[in-house]
Amino acid sequence: MFEQIERVPGDAILGLIEAFKKDTNPQKVDLGVGVYRDAAGNTPVMRAVKEAEARLLKNETTKTYIGSHGAPAYGDVVLPMVLGADSAVLKANRASATQSPGGTGALRLAADFIASQLPGKGIWVSDPTWPNHHGIFTAAGIELHKYPYVDADNRLDFDGMLAALKKIPEGDVVVLHACCHNPTGFDLSQQQWQEVLAVLKERQLLPLVDFAYQGFGEGLDEDAYGVRLLAKNLDEVIIPSSCSKNFGIYCERTGCLILVAKAAEQMENVPSQVAIVARENYSNPPAHGGAIVSEILHDAELSAMWREELTEMRDRINTLRRDFVEALKPYGLDEKYACVAEQRGMFSYTGLTPEQVDRLRDEFGIYMVRSGRANVAGFSHENLPYLAKAIAAVND
């Protein structure tokens, strides 16, 4: 039977990894893979994580299952981190947490939950959005639609976005990026979040807020503004969250699906359905990543250490954004690429065309996705002059 199976094109980013490895250019630069990198090009293990793991190794007594919802101690620290320590939603017991294999796992839980419990509802994603959104929601059998997000001049098209949201059928699901929009880096202002809230209320739309990069934009609390605003003012919100990035534990796959309901009574029914979805997908989530997060956030010393390290990572990225634009000034391109300094998070929609991206790869050994999305964490003060020169060359 397997003889009938056809080969499909490989993942574009995984293909970039292989091509980058084979490239012999000593000045080659990888701006494709979506992980944080330090100045030396490494993805380090955070000091707080190392200390937490040492404690876990010393004190661990079992490797048994942690249940479909995961470890309660994990939910106890993730919920206030996302919704706020003084959240009225938490005080009213209106939110639940289900530990998941990464933010991707949380998204799949959300997709299957929507498909089974809200049949017939369409789901709307930004154009562009993280490519895997398409695969996850389509695989769950949900009808997928798009709303505009970036215009032809590579700017946030908020007017177009808002106009489109006002036409979405009542009761449909809208996918929003809490911060550090992937792939564009364009985030909503607080005022724009207020306007989105008004439309969600008016159209009775259900927001699904993808929160993959908390702490990478402006700060842990600042990045949560939109999430907390919607949770406070709407009856129901779906929040797939990730700790894989902000704790630097990518391979531990550490995420959480947070559901906000109108009343505490519903939090008996709703999580029970999510538990079934989790059981059917992977039974129990992996324990180690959640245990690391719990150990850190339950300890004042480790928590302070982690926050300091996360701040260092965020500041480095934001500084590199400004330095990138500055490096282009001698070529008269600083205004054209000024948007890079305005964006937030690890990713930037540079505005480079597919043809320019191809030239950067073929002529200069600079690798990024053909959409022009670059991982800013791949910038360094050593490679910025080379990057600027190459970008100037393909802009001739």
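A quick note: this is a predicted structure, and the numbers were derived from the prediction, not measured. One-based numbering along the sequence shown. Because only heavy atoms are used, hydrogens play no part in the values below, and waters and symmetry mates are left out as well, while side chains stay in.
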Engineer: For Lys28, is the NZ atom crowded, meaning more than 12 foreign heavy atoms sit under 6.0 Å from it?
Structural biologist: yes
Engineer: Quick one, Tyr282 and Leu109 - any side-chain contact, counting heavy atoms below 4.5 Å?
Structural biologist: yes
Engineer: Has Trp306 got a side-chain atom pairing as donor or acceptor with Asn246's backbone, closer than 3.5 angstrom?
Structural biologist: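 At least one qualifying donor-acceptor pair exists.
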Engineer: Hey, are the side chains of Tyr213 and Ser242 touching, using non-hydrogen atoms and a 4.5 Å cut-off?
Structural biologist: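 Tyr213 does not reach Ser242 side chain to side chain.
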Engineer: To the nearest 0.5 Å, tell me how far Asp127 CG sits from Thr184 OG1.
Structural biologist: 11.0 Å
Engineer: Anything under 3.5 Å between a donor and an acceptor, one on a side chain of residues 254-268, the other on a protein residue two or more places apart or in another chain? List them.
Structural biologist:
unit_1	atom_1	unit_2	atom_2	d
Gln266	OE1	Lys262	N	3.1

Engineer: Identify the residue among Arg373, Met368, Arg370 that makes a side chain to side chain contact (heavy atoms under 4.5 Å, CB included) with Leu352.
Structural biologist: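 Testing each of Arg373, Met368, Arg370 against Leu352, the sole residue satisfying side chain to side chain contact (heavy atoms under 4.5 Å, CB included) is Met368.
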Engineer: To the nearest 0.5 Å, what is the distance between CZ on Arg108 and OG on Ser100?
Structural biologist: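 These two atoms lie 13.0 Å from each other.
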Engineer: Taking the side chain as C-beta and beyond, is there a heavy-atom pair between Tyr337 and Ile391 under 4.5 Å?
Structural biologist: yes
Engineer: With a 4.0 Å cut-off on N to O distance, would you call Arg203 and Asp172 a salt bridge?
Structural biologist: no
Engineer: Under a 3.5 Å threshold, yes or no: a donor from one side chain and an acceptor from the other, between Tyr331 and Asn395?
Structural biologist: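 There is no such pair between these side chains.
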Engineer: Using a 3.5 Å distance criterion without hydrogens, assess whether the side chain of Ser303 forms a donor-acceptor pair with backbone atoms of Asp299.
Structural biologist: no
Engineer: Does the side chain of Cys339 reach to within under 4.5 Å of the side chain of Tyr349, using non-hydrogen atoms?
Structural biologist: no
Engineer: If we only count heavy atoms from C-beta on, is the Val274 to Ser96 side-chain gap below 4.5 Å?
Structural biologist: no
Engineer: So, the side chain of Ser68 versus the backbone of Asn284: is there a donor-acceptor pair under 3.5 Å, distance only?
Structural biologist: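 No: the side chain of Ser68 does not pair with the backbone of Asn284.
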Engineer: Can you tell me if Ser116 uses its side chain to pair, donor with acceptor, with the backbone of Phe113 under 3.5 Å?
Structural biologist: yes
Engineer: Using 0.5 Å steps for rounding, measure from the CZ atom of Phe158 to the CG atom of Asp151.
Structural biologist: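 CG of Asp151 is found 14.0 Å from CZ of Phe158.
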Engineer: Salt-bridged, Arg344 to Asp223, with N to O below 4.0 Å?
Structural biologist: no
Engineer: Rounded to the nearest 0.5 Å, what's the gap from CG on Leu220 to OG1 on Thr311? Could you check?
Structural biologist: 7.0 Å
Engineer: If the threshold is 4.0 Å, N to carboxylate O, is there a salt bridge linking Glu326 and Lys329?
Structural biologist: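 Yes, this pair counts.
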Engineer: In Å and rounded to the nearest 0.5 Å, what is the OH to OG1 distance from Tyr74 to Thr98?
Structural biologist: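 These two atoms lie 11.0 Å from each other.
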Engineer: Should the pair Phe216 and Tyr36 be assigned to parallel (<30°), tilted (30 to 60°) or perpendicular (>60°) ring geometry?
Structural biologist: tilted
Engineer: Could you measure the distance from the SG atom of Cys243 to the CE atom of Met81? Nearest 0.5 Å is fine.
Structural biologist: 4.0 Å
Engineer: With a cut-off of 6.0 Å (strictly less than), are more than 12 heavy atoms of other residues, nucleotides or ligands near CD of Glu301?
Structural biologist: no
Engineer: Strictly by modelled atom types, are Gln343 and His181 linked by a side-chain donor-acceptor pair under 3.5 Å?
Structural biologist: no
Engineer: For the side chain of Arg316 and the backbone of Arg37, is there at least one donor-acceptor N/O pair under 3.5 Å apart?
Structural biologist: yes
Engineer: Begin with the C-alpha distance, continue with both residues' side-chain angles, and end with the deciding distance and a verdict on side-chain contact (heavy atoms from CB on, under 4.5 Å) for Leu234 and Leu197.
Structural biologist: CA-CA 8 Å; Leu234 297 175; Leu197 169 63; 3.7 Å; yes
Engineer: Does Gln273 CD have over 12 foreign heavy atoms under 6.0 Å away?
Structural biologist: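 Correct, the count exceeds 12.
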Engineer: Answer yes or no: is there a donor N or O on one side and an acceptor on the other, between the side chain of Tyr147 and the main chain of Val175, under 3.5 Å?
Structural biologist: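 At least one qualifying donor-acceptor pair exists.
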Engineer: Under 4.5 Å between any side-chain heavy atoms of Phe364 and Leu387, yes or no?
Structural biologist: no
Engineer: For Asp187 and Tyr225, run side-chain contact (heavy atoms from CB on, under 4.5 Å): C-alpha distance rounded to whole Å, both residues' side-chain angles, the deciding distance at 0.1 Å, then the answer.
Structural biologist: CA-CA 11 Å; Asp187 286 348; Tyr225 177 84; over 6 Å; no
Engineer: Could you tell me whether a side-chain N or O of Glu309 sits under 3.5 Å from a main-chain N or O of Arg47, the two making a donor and an acceptor?
Structural biologist: yes
Engineer: Give a yes or no on whether a salt bridge exists between Glu51 and Arg55, defined as a side-chain N under 4.0 angstrom from a carboxylate O.
Structural biologist: yes
Engineer: Taking side chain as C-beta onward, heavy atoms only, is Leu107 less than 4.5 Å from Trp130?
Structural biologist: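 Side-chain contact under 4.5 Å: yes.
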Engineer: Output yes when a side-chain donor or acceptor of Asn375 lies under 3.5 Å from a complementary backbone atom of Gly32, and no otherwise.
Structural biologist: no
Engineer: Val270 and Leu83: same hydrophobic cluster, using ILVMFWY side-chain contacts below 4.5 Å?
Structural biologist: no
Engineer: Gln356 side chain to Val394 main-chain N or O, any donor-acceptor pair under 3.5 Å?
Structural biologist: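 Side chain of Gln356 to backbone of Val394, a donor-acceptor pair under 3.5 Å: yes, one is there.
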Engineer: Do the side chains of Arg155 and Glu342 get nearer than 4.5 Å, heavy atoms only?
Structural biologist: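 Yes, at least one pair of side-chain atoms sits under 4.5 Å.
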Engineer: Walk me through it: do Leu176 and Trp193 pass the test side-chain contact (heavy atoms from CB on, under 4.5 Å)?
Structural biologist: CA-CA 10 Å; Leu176 302 162; Trp193 274 111; 3.9 Å; yes
Engineer: Is the count of non-hydrogen atoms from other residues, nucleotides or ligands lying under 6.0 Å from Glu170 atom CD greater than 12?
Structural biologist: yes
Engineer: Identify the two heavy atoms, one from Gly345 and one from Ile317, that lie closest to each other, and give their separation to 0.1 Å.
Structural biologist: O-CG2, 3.3 Å
Engineer: Under the criterion side-chain contact (heavy atoms from CB on, under 4.5 Å), I'd like the reasoning laid out for Leu118 against Leu206: C-alpha separation, chi angles, the key distance, then a yes or no.
Structural biologist: CA-CA 11 Å; Leu118 306 173; Leu206 175 59; 3.6 Å; yes
Engineer: Between Arg321 (side chain only) and Val340 (backbone N and O only), is there a donor and an acceptor less than 3.5 Å apart?
Structural biologist: yes
Engineer: Under 3.5 Å, is there a donor-acceptor pair between the Thr129 and His177 side chains?
Structural biologist: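 Side chains of Thr129 and His177: pair found under 3.5 Å.
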Engineer: Is the Phe379 ring parallel, tilted or perpendicular to the Phe324 ring (thresholds 30°, 60°)?
Structural biologist: parallel
